[in-house]
Amino acid sequence: MAHIVILGAGTGGMPAAYEMRAELKKEHRITLINSNEYFQFTPSNPWAAVGWRKRADITMPIRPYVERKNIGFIAGTVTEIDAENNVLRMESGDSVDYDYLVVATGPRLAFEEVEGSGPHGGHTHSVCTIDHAEMFYDRYQEFVKDPGRVVIGAMPFASCFGPAYEFAAILDTDLRKRKIRDKVPMTFITAEPYIGHLGLGGVGDSKGMLEHELRQRHIEWITNARTTKVEDGKIYVDEMDENGELKKQHEVEFKHSMMLPAFKGVDAVANVEGLCNPRGFVIVDEYQRSPKHKNIYSLGVCIAIPPVEATPVPTGAPKTGYMIESMGTAIVHNIAAELQGGDPEKAGTWNAICLADLGDTGAAFVALPQIPPRNVNWFKKGKWVHLAKIGFEKYFIRKMKKGTSEPLYEKYILKSLGIERLKD
């Protein structure tokens, strides 16, 4: 009998736990560990930040749903991974032994890399967690009574730019609904070398379409932006040229803000010798397995993927939902193969598929593979994407409650895009 521990119960870890349970024999034990008692559907946080969703709409308790599927659950923080002895040490003082470890923690939000940033003692907000989205909304309710300039965007070393564009458009839409958009100048500040880069070197005509979107919504922008410091009501930005040399310095005053932070690896994971790159992301082979620690697998935002290209201000490559789902499926099948005496042979996809809500419309992109040159390079916009993302939110949460192991992205998003199945 083997004990498989999955560390992290987000949009990658929780589906992987269900799929693992469906694939492995009952004699094998599965334990899910998460720092919170609840699952949160992170893609909906931008809606929560403007009050379009409440916490109860996009979160759910983990324990009752996974335990009825014969999956153990521990709510707590892992402070140390003893990879040599296959032991996790918890903040509570308890220890958890494992035969296989699946790391699905997501990132650590590295607000400390820009002085004065972050919602905890800093002067910027984020939509990376439901707690942060609620903090933005609490401040927003006061802001709409006395509005002013808003800054939105992404700091250097951010690796998921889509939510910044989503939030800019969602906030614009909400302000128009409140009939106070004319009182709120908006500036989009991003480490990307150009609008629509997305950490992917652009997808289709993402540059032209997203520039058009920002112009239509009267949103100014600064690209190649190295945010250096934030003070109460002011953000300091060095705008770099294409050679990484200083082009212009900006001091942008604001009354409210949402800036996505740099991502790093979670400390307990980053501290394991030989497991991670210098920023703490897990190094994996084509089978999602650590080359050094053969019984440790990893998926999602916490894995190391090289940037698509060098940029004047550092940017990371995003890990989209379809990619993360395929990583989880590969891990499940590879661990199952090892338990049967075989070798890992299934690889996750490097295809990127995304539905981005833009408040009253939406944008969808497909990059096959994620790193250029590509076989498919497709970017489209329309109201249907907005509706599809709402539908997917409900579909995903319902499936997490049912404990299904079916491939959610492949079944729902590919169908909504008119694609039956993708092959690398």
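Side chains are part of it too, since the values below use all heavy atoms of this structure and drop only hydrogens, waters and symmetry mates. As the structure is a computational prediction, the values presented were derived from the model and not from experiment.
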Does N295 offer a backbone N or O that forms a donor-acceptor pair with the side chain of H293 under 3.5 Å? no
Can you give each donor-acceptor pair under 3.5 Å made by side-chain atoms of residues 37-52, sequence neighbours left out, with the distance rounded to 0.1 Å?
unit_1: Q40; atom_1: OE1; unit_2: I130; atom_2: N; d: 2.8
unit_1: S44; atom_1: OG; unit_2: E393; atom_2: OE2; d: 2.6
unit_1: N45; atom_1: ND2; unit_2: T42; atom_2: O; d: 3.4
unit_1: N45; atom_1: ND2; unit_2: V127; atom_2: O; d: 3.2
unit_1: W47; atom_1: NE1; unit_2: D357; atom_2: OD2; d: 2.8
unit_1: W52; atom_1: NE1; unit_2: D174; atom_2: OD1; d: 2.8

Less than 4.5 Å apart, any side-chain heavy atom of L210 and any of F379? yes
Within a 6.0 Å radius of atom NZ on K177, are there more than 12 heavy atoms belonging to other residues, nucleotides or ligands? yes
If we ignore hydrogens and angles and just use 3.5 Å, is the side chain of R181 paired with the main-chain N or O of V184 as donor and acceptor? yes
Nearest heavy-atom neighbours spanning A262 and P156: CB-O, 3.2 Å
Just wondering, are more than 12 heavy atoms of other shown residues or ligands nearer than 6.0 Å to NZ in K248? no
When every non-hydrogen atom of P163 is compared with those of L260, the smallest separation belongs to CB-CD1, 4.2 Å
Does the side chain of H197 pick up a donor-acceptor pair with the side chain of E309 at under 3.5 Å? yes
Determine, stepwise, if the pair Y100 / N86 fulfils side chain to side chain contact (heavy atoms under 4.5 Å, CB included). CA-CA 8 Å; Y100 291 93; N86 300 336; over 6 Å; no
Rounded to the nearest 0.5 Å, how far does CZ of R374 lie from CG of N377? 5.0 Å
Can you list the steps and then say if F365 with I353 is a side chain to side chain contact (heavy atoms under 4.5 Å, CB included)? CA-CA 6 Å; F365 70 76; I353 302 173; over 6 Å; no
Distance, nearest 0.5 Å, that separates CD1 of I222 from NZ of K247: 10.5 Å
Residues, nucleotides or ligands: over 12 heavy atoms within 6.0 Å of K383 NZ: yes
Strictly distance-based, threshold 3.5 Å: is any side-chain N or O of T329 a donor or acceptor partner for the main-chain N or O of E325? yes
Can you see whether F281 has K319 sitting over its ring - NZ or CZ less than 6.0 Å from the centre and within 45° of the normal? yes
With a 6.0 Å cut-off on the ring centroids, do H132 and F111 count as close? yes
Nearest-0.5 Å distance, OH of residue Y137 to CZ of residue R139: 13.5 Å
Could you measure the distance from the CG atom of N224 to the OG1 atom of T315? Nearest 0.5 Å is fine. 9.5 Å
Does some side-chain heavy atom of T361 sit less than 4.5 Å from a side-chain heavy atom of H386? no
Do the side chains of K69 and E67 get close enough for a salt bridge, i.e. N-O under 4.0 angstrom? no
Would you check if I71 and M20 make a side-chain contact, meaning some heavy-atom pair closer than 4.5 Å? no
If we count only N and O atoms by modelled type, under 3.5 Å, do the side chains of Q249 and D238 hold a donor and an acceptor together? yes
More than 12 heavy atoms from other groups under 6.0 Å of CD on E273: no
Check the pair E231, K229 against salt bridge (charged side-chain N to carboxylate O under 4.0 Å, His left out), reporting the backbone distance first and the verdict last. CA-CA 7 Å; E231 295 176 349; K229 184 173 67 171; 3.4 Å; yes
Test item: Q288 side-chain N/O and S298 main-chain N/O as donor-acceptor pair under 3.5 Å: yes
Could you give all pairs that pass the salt bridge (Lys or Arg N to Asp or Glu O under 4.0 Å) test and reach residues 147-167, with sequence neighbours left out? R149-E220, E166-K389
What is the distance from atom CG of L299 to atom CE of M323, rounded to the nearest 0.5 Å? 12.0 Å
Does E80 offer a backbone N or O that forms a donor-acceptor pair with the side chain of R89 under 3.5 Å? no
Working note: R55 + D131, criterion salt bridge (charged side-chain N to carboxylate O under 4.0 Å, His left out); need CA distance, chi angles, decisive distance, verdict. CA-CA 9 Å; R55 177 181 286 261; D131 290 342; 2.4 Å; yes
Where E192 and L198 come nearest, the two heavy atoms and their spacing: OE2-N, 2.7 Å
Ion pair E113/R279, N-O distance below 4.0 Å: yes
Is there side-chain contact between V237 and R226, with heavy atoms separated by less than 4.5 Å? no
So, D241 side chain and E245 main chain: donor-acceptor pair closer than 3.5 Å or not? yes
Applying ring-ring contact (aromatic ring centres under 6.0 Å, His included), which residue pairs with at least one partner in residues 243-271 are found, sequence neighbours left out? H125-H256, F136-H256, F143-H256
Does a side-chain heavy-atom distance below 4.5 Å link I335 with V102? yes
Heavy-atom check, side chain of V269 versus side chain of T105, under 4.5 Å: yes
With no hydrogens and no angle check, just 3.5 Å: does a side-chain donor-acceptor pair link R217 and T173? yes
Which heavy-atom pair separates G12 from I324 by the least distance, and what is that distance? CA-CG2, 3.7 Å
Do T187 and V150 have side chains that get closer than 4.5 Å, going by heavy atoms? no
Between H3 and T31, a side-chain donor and acceptor under 3.5 Å: yes
Donor-acceptor contact present, side-chain T223 to main-chain Y194, <3.5 Å: no
When you measure from the side chain of Y18 to the backbone N and O of M400, does any donor-acceptor pair fall under 3.5 Å? yes
Tell me if the centroids of the rings in F188 and Y165 come within less than 6.0 Å of each other. yes
Between R178 and V144 (side chain of the first, backbone of the second, donor and acceptor by atom type, cut-off under 3.5 Å), is there such a pair? no
Heavy-atom pair of closest approach, residues V5 and L88: CG1-CD1, 3.7 Å
So how far is it from S206 OG to E211 CD, rounded to the nearest 0.5 Å? 9.5 Å
Mark yes or no for whether N34, through its side chain, and A9, through its backbone, hold a donor-acceptor pair below 3.5 Å. yes
R176 and K179, any side-chain heavy atoms less than 4.5 Å apart: no
Between G265 and A270, which heavy-atom pair has the shortest distance, and what is it? O-CB, 4.3 Å
Go through the steps for L246 and M240 under the test side chain to side chain contact (heavy atoms under 4.5 Å, CB included), then give the verdict. CA-CA 5 Å; L246 181 63; M240 315 306 285; 4.2 Å; yes
Using side chain to side chain contact (heavy atoms under 4.5 Å, CB included), reason through V87 and V96 one step at a time and then give a plain yes or no. CA-CA 6 Å; V87 176; V96 180; over 6 Å; no
